[in-house]
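Below is one structure; the comments refer to it alone.
Order of listing sets the numbers, starting from 1, for every ligand and every atom in it. Numbering of residues begins at 1 and proceeds along the displayed sequence.
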Amino acid sequence: MNPDSLKREAAARAVDLVEPGMRLGLGTGSTAKHFVALLGERVRGGLDVIGVPTSEATRADAEAAGIRLSTLEETPALDLTVDGADEIAPDLSAIKGGGGALLREKIVAAASARMVVIADESKWVETLGRFPLPVEVVPFGVAPTTIAVEAAAVAAGCAGRAVLRRTREGHAFVTDGGHLILDLALGRIPDPAALAERLAAVPGVVEHGLFIGLVRTAILAGSAGIRIETARVVRG
Ligand SMILES: O=C(CO)[C@H](O)[C@H](O)COP(=O)(O)O
């Protein structure tokens, strides 16, 4: 089965977790897009839910699918967020932000009682870091911020280059929040919590793509079927 079919299978399993009246966080990316489309089918069949999108792209998809939308200002506490991931480790720590929506994704996840990650099994890794870690930064002072981000990685026991993300046309990629993304290629992150702490302390860093203690459940679709992993310890 091709990766996109696997993503759709994982998304379909997550739709089964949705109950009438739920306030949902709607993730971003190709896997979350399947979830939004499948949820839309249920909504058109009469399911009453409300969604908070994690990006303008997801807002557009959800609107087109007929899902009633809200904001975190109107709906500050959510029941369930379903989102994709770039990597997921056995403790359900994850790297997100490949689509550049990590800031809103993390805010929405933190406002949710439960975060479920949906992915094809290629996202499952023993140790995070093969996927370059997205770090969202303000445009002002991006050169010294880049140096400080690389230094933070060294201090956390890993090293690598932070590269400004660009669009296919070669322009700097700008997030929905008007920020830039540095992709920090580390290969391996031996201590994600230490790196998260170091990065959060860098002036100019708005957020990073390490999701630690946020994911409660991972739904992983592979050639052998669906596997569900549940976190032993989640925040709070
Ligand atoms: O974090 C994300 C967007 O910021 C995505 O969830 C992540 O990049 C996975 O994307 P995909 O489902 O397309 O593989």
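- In this comparison of Ser30, Ala32, Ser55, the heavy atom closest to atom 11 (P) of ligand 1 sits on Ser30.
- The shell of residues lying under 4.0 angstrom from ligand 1, judged by heavy atoms, includes Gly100.
- Under a 4.0 Å criterion applied to the non-hydrogen atoms of Gly98, ligand 1 contributes the atoms 1 (O), 4 (O), 8 (O).
- Of the inter-residue distances, the one linking Glu105 atom CD with Thr54 atom OG1 reads 4.5 Å to the nearest 0.5 angstrom.
- Taking any N or O of Gly99, backbone or side chain, at least one lies under 3.5 Å from an N or O belonging to ligand 1.
- Taking each of Glu105, Lys123, Lys96, Lys7 in turn, the one with a heavy atom nearest to atom 3 (C) of ligand 1 proves to be Glu105.
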- Query: Going through the checks in order, is the salt bridge (Lys or Arg N to Asp or Glu O under 4.0 Å) test met by Asp16 and Arg42?
  - Reply: CA-CA 10 Å; Asp16 291 341; Arg42 297 274 178 104; 3.1 Å; yes
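- For ligand 1, the atoms sitting less than 4.0 Å from at least one non-hydrogen atom of Asp83 are 6 (O), numbered in the order shown with element in parentheses.
- Atoms of ligand 1 lying under 4.0 Å from any heavy atom of Gly29, numbered from 1 in the order shown and given with element: 13 (O).
- What sits closest to atom 6 (O) of ligand 1 on the protein, heavy atoms only, is Thr28 O, 2.8 Å.
- With a 4.5 Å cut-off between side-chain heavy atoms of Ile, Leu, Val, Met, Phe, Trp and Tyr, the cluster of Phe140 takes in none.
- Few gaps surround CZ on Arg165; more than 12 heavy atoms of other groups in view lie less than 6.0 Å from it.
- Counting only N and O atoms by type, the side chains of Ser5 and Asn2 include a donor and acceptor under 3.5 Å apart.
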- Should Leu210 and Ile189 be marked as a side-chain contact (heavy atoms from CB on, under 4.5 Å) after you check the CA-CA gap, both sets of side-chain angles, and the distance that decides it? CA-CA 10 Å; Leu210 285 167; Ile189 303 173; 4.3 Å; yes
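- Other residues sharing a hydrophobic cluster with Val36 under the 4.5 Å side-chain heavy-atom criterion for ILVMFWY residues are Val15, Leu17, Val18, Met22, Leu24, Leu26, Phe35, Leu38, Leu39, Val43, Leu47, Val49, Ile67, Leu69, Leu80, Val82, Val116, Ile118, Ile219, Ile226, Ile228.
- When each atom of ligand 1 is checked for a heavy atom of Asp86 under 4.0 Å away, the hits are 1 (O), 7 (C), 8 (O), 9 (C).
- A salt bridge between Glu136 and Arg104 is absent, with no side-chain N of the basic residue lying under 4.0 Å from a carboxylate O of the acidic one.
- Distances between N or O atoms of Ala101 and those of ligand 1 include at least one value under 3.5 Å.
- Under 4.0 angstrom from ligand 1, the non-hydrogen atoms of Ala85 all belong to its backbone.
- The shortest heavy-atom distance from Lys33 to ligand 1 is not under 4.0 Å.
- Applying the 4.0 Å criterion to heavy atoms of Gly97 picks out, from ligand 1, the atoms 1 (O), 2 (C), 4 (O).
- By the 6.0 Å contact criterion, NZ on Lys106 is enclosed, its count of non-hydrogen atoms from other residues, nucleotides or ligands being greater than 12.
- In summary, the atoms of ligand 1 found under 4.0 Å from a heavy atom of Gly84, numbered by their order in the structure, are 6 (O).
- Protein heavy atom closest to atom 12 (O) of ligand 1, with residue, atom name and distance, is Thr31 OG1, 2.5 Å.
- Within a 6.0 Å sphere centred on CZ of Arg161, heavy atoms belonging to other residues, nucleotides or ligands number 12 at most.
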